[in-house]
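This one's a predicted model, so the numbers in the text were calculated from it and none came from an experiment. Nothing fancy with the numbering, it's 1 onward along the sequence.
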Amino acid sequence: MSGVVRLIEQARLAAVRSVNVVLTSTYWLVGQRIIEHEQSGTERAAYGQELLKKLAEDLTPQLGRGFSERNLEQRRLFYLGWPYPQTASAKSAPSSISQTLSAKSALWPLFPLPWSHYIRLLSVADPEARQYYEREALQGGWSVRQLDR
């Protein structure tokens, strides 16, 4: 009986991790699209917040919650903060993290931490400190709550 429970718990955890990887990767790709396609590769479009406001107005009715100006700005900043599809921590990701086929493909960047961790890491201005916290989180030695201290 305990073996069955453990098996189901492991499957549930793998499913959550897979969803996190795909969502976080998608948010990075949204940020990339905003920068590269909508802002022509510039860090800030001349019309700035108007772009995000218009996108939010267009996306929210179609996709529901989660596409406010603030959320789109976070995704834009995420792309700028992690400009390469595979982060340093992702390269050393433990093999126990199950990846979906789409997340493994060259079209999908690999971000092993949950989106909430990246949101918190965005508040760390120093890139070296950000990388340190990212590595620590990946190894299980840090949680997003520690940045509140």
- Query: Taking the side chain from Thr24 and the backbone from Pro114, do they hold a donor-acceptor pair closer than 3.5 Å?
  - Reply: no
- Message: Just so I know, are the side chains of Trp115 and Arg75 near enough to count as touching, which here means a heavy-atom distance under 4.5 Å?
- Response: yes
- Query: How long is the span from the CG atom in Leu113 to the CG atom in Leu138, to the nearest 0.5 Å?
  - Reply: 5.5 Å
- Message: Name the residue from Glu50, Glu57, Lys53 that meets the side-chain contact (heavy atoms from CB on, under 4.5 Å) definition with Glu69.
- Response: Lys53
- Message: Classify the ring geometry of Phe78 against Tyr118: parallel below 30°, tilted from 30° to 60°, perpendicular beyond 60°.
- Response: tilted
- Query: Out of curiosity, Glu73 CD to Arg70 CZ, how far, rounded to the nearest 0.5 Å?
  - Reply: 10.0 Å
- Message: If I take atom CG from residue Leu72 and atom NZ from residue Lys54, how far apart are they, to the nearest 0.5 angstrom?
- Response: 13.0 Å
- Item | Verify same cluster id: Leu63, Val30 (apolar side-chain graph, 4.5 Å) | yes
- Task: Calculate, to the nearest 0.5 Å, the distance between atoms CZ and CG belonging to Arg12 and Leu7 respectively.
- Result: 11.0 Å
- Query: Side chains of Gln62 and Phe67: closer than 4.5 Å at any heavy-atom pair?
  - Reply: no
- Message: Working to the nearest 0.5 angstrom, can you tell me the gap between Ile34 CD1 and Leu29 CG?
- Response: 11.0 Å
- Query: Say you draw a straight line from CG of Leu122 to CZ of Arg76; how long is it, rounded to the nearest 0.5 Å?
  - Reply: 10.5 Å
- Nearest heavy-atom neighbours spanning Ala56 and Ser68: CB-C, 3.8 Å
- Query: Taking a hydrophobic cluster as the set of Ile, Leu, Val, Met, Phe, Trp and Tyr residues connected by side-chain heavy atoms closer than 4.5 Å, whether directly or through intermediates, do Val16 and Val5 fall within one such cluster?
  - Reply: no
- Would you check if Gln74 and Ile119 make a side-chain contact, meaning some heavy-atom pair closer than 4.5 Å? yes
- Message: Determine whether the aromatic ring centres of residues Phe111 and Trp82 are separated by less than 6.0 angstrom.
- Response: no
- With sequence neighbours excluded, tell me which residues meet ring pair (Phe, Tyr, Trp, His ring centres under 6.0 Å) with Tyr79. Trp28
- Message: Can a donor-acceptor pair be found, under 3.5 Å and without considering hydrogens, that links the side chain of Arg130 to the backbone of Val124?
- Response: yes
